[in-house]
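Every heavy atom of this structure was used, including side-chain atoms; hydrogens, water molecules and symmetry mates were not. Letters A, B, ... are given to chains in the order of the sequence lines, protein chains preceding strands, and every chain is numbered from 1.
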Protein chains: 2
Amino acid sequence: MNIGAASKASGVTAKMIRYYEGIGLLAKAPRKDNSYRDFDHRDVHDLRFIRRARKLGFSIDEIQRLLGLWRDASRPSREVKAITGTHIHALEERIAEMQAMVSALRHLSDHCHEDDRPDCPILEDLARA
Amino acid sequence: MNIGAASKASGVTAKMIRYYEGIGLLAKAPRKDNSYRDFDHRDVHDLRFIRRARKLGFSIDEIQRLLGLWRDASRPSREVKAITGTHIHALEERIAEMQAMVSALRHLSDHCHEDDRPDCPILEDLARA
DNA sequence: TGTCGACCTTACCACCATGGCAAGGTCAAG
DNA sequence: CTTGACCTTGCCATGGTGGTAAGGTCGACA
């Protein structure tokens, strides 16, 4: 299975497949005589796993650990839940920050006349001493 | 006013002040005989403006435009509101994405036993075909 | 057989905003 | 004169992805 086929099968770009291999997230694929990488179904599985985890916002480092736990048949589910909990927490913190930004901006924006006059509480707030 | 004083007065690190100057976001500070930058109160004002805007999640590019509008005494408030609206929209999209992640993760996590057994729907979901 | 297009390879550069470090100049106080 | 706090420039790193360039390989078709 060439990299293009693995890419199509997993939804991960060839570029990123090489990158994941380079940083050790994905096992090094054996090479054929022509130096092309040769992937198997396990690799495709791992790539799909990675793609899904990235979509859920896990960092590469977290995925590294999740994959390790996946490969460990006797993994304690506790650890998986811990990683997930930490990640949920980080996401929620970031969400709260952004929501604070939005409500501040919305408040300012609501009081902006949106016309040709220069008065604008948005700039006034940014510039206040 | 040396860079350290400007930094303290504005809350922006010296490093970032030099960076902002380098990319043209902040006016180039004149140099004293010893080649130290010499800031005035306008620079401090701009730096505070930048810091606040960054805290509200505006990109450097957006701040560039906001600062331009601020300096333009006849700025139409409409433009400021437009930039802000675009930014609010982007923030809300990102928030929605992250909330989707959180609810997916929470759903999976709620069904994870958190014990020594290997069963864990989180990994099962990531690995599903 | 020649050629062409699709594929593969490695190796760089760029992003964005920030932090860190190194090696050296400058200044003021003791 | 020394010491420590400050300033200078310049380079490297982050993270995850995209781009691009220069070259090797393969399969199909004329």
So, for H41(B) and H45(B), is the gap between ring centers shorter than 6.0 Å? no
Within the structure, does a side-chain N or O atom of Y36(B) lie under 4.0 Å from either OP1 or OP2 of dG25(C)? no
Within the distance-only criterion (no hydrogens, no angle test), does the side chain of R48(A) pair as donor or acceptor with the backbone N or O of G11(A) below 3.5 angstrom? no
Just by distance, do the side chain of H87(A) and the backbone of E62(A) share a donor-acceptor pair under 3.5 Å? no
Grab the NZ-P distance between K32(B) and dC6(D) for me, whole Å please. 14 Å
Distance check needed: dG16(D) P versus K55(A) NZ, whole Å only. 17 Å
Side-chain N or O of S35(B) less than 4.0 angstrom from OP1 or OP2 on dT26(C)? no
Strictly below 4.0 Å: does R18(A) bring a side-chain N or O up to OP1 or OP2 of dG16(D)? no
Which whole-number value in Å describes the distance from R37(A) CZ to dT9(C) P? 5 Å
Could you give the CG-to-C1' distance, from L26(A) to dT17(D), as a whole number of Å? 17 Å
If you only use heavy atoms from C-beta on, which nucleotide in dG16(D), dC7(D), dT17(D) is closest to the side chain of Y20(A)? dT17(D)
Taking only the side-chain nitrogens and oxygens of R51(B), find out if one of them lies under 4.0 Å from OP1 or OP2 of dA17(C). no
In whole angstroms, the gap separating P of dT26(C) from CG of D33(B) amounts to 11 Å
Write down the distance between CD1 (I23(A)) and C1' (dA13(D)), rounded to a whole number of angstrom. 15 Å
Euclidean distance, atom OH of residue Y19(B) to atom C1' of dT14(D) [Å, nearest integer]: 14 Å
Hey, does the side chain of R31(B) come within less than 4.0 Å of dT9(D)'s phosphate (OP1/OP2), counting only N and O? yes
Indicate yes or no: does R18(B) engage E21(B) in a salt bridge with an N to O separation below 4.0 Å. no
Output yes when at least one side-chain N/O atom of R54(B) is less than 4.0 Å from OP1 or OP2 of dT18(C), else no. yes
CD1 of I3(A) versus P of dA6(C): gap in Å, rounded? 19 Å
Using a cut-off of less than 4.0 Å, is there contact between a side-chain N or O of T13(A) and OP1 or OP2 of dG18(D)? yes
Judged by atom type as modelled, is there a donor-acceptor pair below 3.5 Å linking the side chain of D43(B) to the main-chain atoms of D40(B)? yes
Most 5' of N34(B) and D61(B) on DNA chain C, judged by nearest nucleotide: D61(B)
